[in-house]
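What you see is a predicted model; the values in this text were computed from it and never measured.
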Amino acid sequence: MKIGFVIALSLAAVFLNAAEPWDNFQLPEGANLLKNHIFKPDGKGNFPPWRSQGLTVSRENDLPVLNTDSEGKSGTLTYPGVTLKPGTKYIWAAIMKGEVADGANVRILGFIGDHKYEGGAQFRSGGSAYQRDFDWNVYYREIETPTDCEGKFTMNLVRLTGKAKVTVAAAALVGLGPVAEPKTFSERRKPVVKKEVAPPKAKVELPDMTIEFKDVNPVNPAAHVGEKPAPPPEGCKVENRNGKFVIDYVFTTPQHDAFMFDLAKDIPVCENISFTVSGEGKGHELFIVLYDAGGEAHFAALGALPESGKKTFNLRLGKLLPKVEPFERYASKWGGDGNQTVDLPVKKITLGINDVPDTSMDRGQIVIENLKIGKW
């Protein structure tokens, strides 16, 4: 499982003797509102009441594999006719993995209600979007229904656009109880204006600035070995050599491995990140975790490392973090105050390397130089 999605043992329990990768995870506890949540096929190869549209469906290891095999093609797997109670919190979760080709897009865990409010608006979400592969894990989001919730809902487990493949093992929709601060649909879309309201604070335009890390020493080296947190394997290390981060990575198992370390420095603004990588990247994935002023962690994948040679990255961090909806929670954000927002200043970052593919048993050395975060 990727480092950005290890959230809570109640949602992603790891068992020491799991027979298959998907057996490492369990769905949230509670009454599951979904029938046939493990996708047992009927005599025709379907798995009702789930509905597949525009997808090529096959089975591998007795699990459904959903494909869109060409550019411009799209397809969905949905569960229709769900009743959600007003003013109630739910968790919408699935154990899955995805393979996403360049230019393709996968959305998971969306939903739409059939009731139309004023102006034709509907209570809905497109789900979390992925433009790159994602590994076996429990992916989830929390949904808080409005007090005037009506009608039936269609739960959109996956939507594939372009050449992509998703394998699913199980899904769940579980009620968690009443919403702490229930609101109507219109109140959620537009804040209620009280008679006496403090004047809004002027928007602070942060100045352009660049924060460099040449003088920061890496601390807290850590690893994931065979899907589990562990000390770094022998030979796995990082050091600052004249302002350049020299990273020796070692992936020792045919399951997911990763190596990571912290850089502690206050970052007043983090709209952009740039750096140059050289060495033996071999296509593995670089990631970052931002730890904000409230102690919350925000994960973002930075992209594939070059097979060899040198490559410069210049990225907008905001585009790599998910858009926040008030009724959803994101597995790529965890801990701290839990407000799902990057509260400045960021107090430290974690940089790391995920093995790609997970079966890779590999080692190499990369050098990261000219690491800069800021606004420019």
Are the side chain of [X] and the backbone of [Y] linked by a donor-acceptor contact shorter than 3.5 Å?
| X | Y | answer |
| --- | --- | --- |
| Asn240 | Lys214 | yes |
| Asp292 | Gly294 | yes |
| Asn67 | Leu55 | no |
| Thr78 | Pro80 | no |
| Asn61 | Leu63 | no |
| Thr68 | Gly162 | yes |
| Asn32 | Leu173 | yes |
| Asp355 | Asp257 | yes |

Do [X] and [Y] land in one hydrophobic cluster if side-chain heavy atoms of ILVMFWY residues count as linked below 4.5 Å?
| X | Y | result |
| --- | --- | --- |
| Leu34 | Val57 | yes |
| Leu344 | Ile273 | yes |
| Met155 | Ile112 | no |
| Ile91 | Val179 | no |
| Leu305 | Leu302 | yes |

Taking atom types as modelled, find out whether [X] and [Y] have a side-chain donor-acceptor pair closer than 3.5 angstrom.
| X | Y | result |
| --- | --- | --- |
| Thr184 | Ser186 | yes |
| His284 | Asn354 | no |
| Ser128 | Arg141 | yes |

Closest contact, heavy atoms only, [X] versus [Y]:
| X | Y | answer |
| --- | --- | --- |
| Pro218 | Phe245 | CD-CE2, 4.0 Å |
| Ala301 | Glu285 | CB-OE2, 3.6 Å |
| Tyr117 | Pro146 | OH-CG, 3.9 Å |
| Ala304 | Gly283 | CB-O, 4.0 Å |
| Ala93 | Pro28 | CB-CD, 3.9 Å |
| Val106 | Ala164 | CG2-CB, 3.7 Å |

Could you pull out every donor-acceptor pair under 3.5 Å between side chains of residues 309-318 and any protein atom, sequence neighbours left out?
{"residue": "Thr312", "atom": "OG1", "partner": "Thr276", "partner atom": "OG1", "Å": "2.9"}

Please state whether the rings of [X] and [Y] are parallel, tilted or perpendicular, taking 30° and 60° as the class boundaries.
| X | Y | value |
| --- | --- | --- |
| Phe261 | Phe259 | tilted |
| Trp22 | Trp136 | tilted |
| Phe111 | Phe153 | tilted |

As a quick check of understanding, evaluate side-chain contact (heavy atoms from CB on, under 4.5 Å) for Ile143 and Phe123, giving each step before the final call.
CA-CA 11 Å; Ile143 303 171; Phe123 183 47; 4.1 Å; yes

Going by salt bridge (Lys or Arg N to Asp or Glu O under 4.0 Å), name the residues that satisfy it together with [X], two or more places apart in sequence or in a different chain.
| X | value |
| --- | --- |
| Lys183 | none |
| Glu239 | Arg241 |
| Asp266 | Lys347 |
| Asp362 | Lys282 |

Can you tell me how far the [atom1] atom of [X] sits from the [atom2] atom of [Y], to the nearest 0.5 Å?
| X | Y | atom1 | atom2 | result |
| --- | --- | --- | --- | --- |
| Tyr249 | Cys236 | OH | SG | 10.0 Å |
| Gln122 | Phe185 | CD | CZ | 8.5 Å |
| Ile288 | Thr350 | CD1 | OG1 | 8.5 Å |
| Leu109 | Glu142 | CG | CD | 12.5 Å |
| Ile95 | Leu27 | CD1 | CG | 4.0 Å |
| Thr145 | Glu150 | OG1 | CD | 12.0 Å |

[X]: what forms a side chain to side chain contact (heavy atoms under 4.5 Å, CB included) with it, not counting sequence neighbours?
| X | value |
| --- | --- |
| Pro357 | Thr359, Ser360 |
| Pro268 | Met209, Ile211 |
| Val216 | Phe213, Leu263, Lys265 |
| Arg59 | Pro41, Phe47, Asp62, Pro64 |

Taking only residues at least two apart or on different chains, which pairs with a member in residues 86-106 satisfy side-chain hydrogen bond (donor to acceptor under 3.5 Å, both in side chains)?
Asn105-Gln131

Mind jotting down which residue pairs meet the side-chain hydrogen bond (donor to acceptor under 3.5 Å, both in side chains) criterion with at least one end in residues 152-169? Sequence neighbours excluded, please.
Thr83-Lys152

Determine whether [X] and [Y] make a side-chain contact, defined as any pair of heavy atoms from C-beta on separated by less than 4.5 Å.
| X | Y | result |
| --- | --- | --- |
| Trp50 | Val168 | no |
| Tyr139 | Phe25 | no |
| Phe299 | Leu290 | no |
| Pro86 | Asp148 | no |
| Tyr79 | Leu157 | no |
| Asn339 | Glu296 | yes |
| Thr253 | Val225 | yes |
| Ser52 | Leu66 | no |

For [X], is the [atom1] atom crowded, meaning more than 12 foreign heavy atoms sit under 6.0 Å from it?
| X | atom1 | value |
| --- | --- | --- |
| Arg363 | CZ | no |
| Asp42 | CG | yes |
| Lys73 | NZ | yes |

Output a table of donor-acceptor pairs, distance under 3.5 Å, between side-chain atoms of residues 365-376 and any protein atom two or more places apart or on a different chain; print 'none' if there are none.
{"residue": "Gln365", "atom": "NE2", "partner": "Asp248", "partner atom": "OD1", "Å": "2.9"}
{"residue": "Lys375", "atom": "NZ", "partner": "Glu205", "partner atom": "OE2", "Å": "2.8"}
{"residue": "Lys375", "atom": "NZ", "partner": "Leu206", "partner atom": "O", "Å": "2.6"}

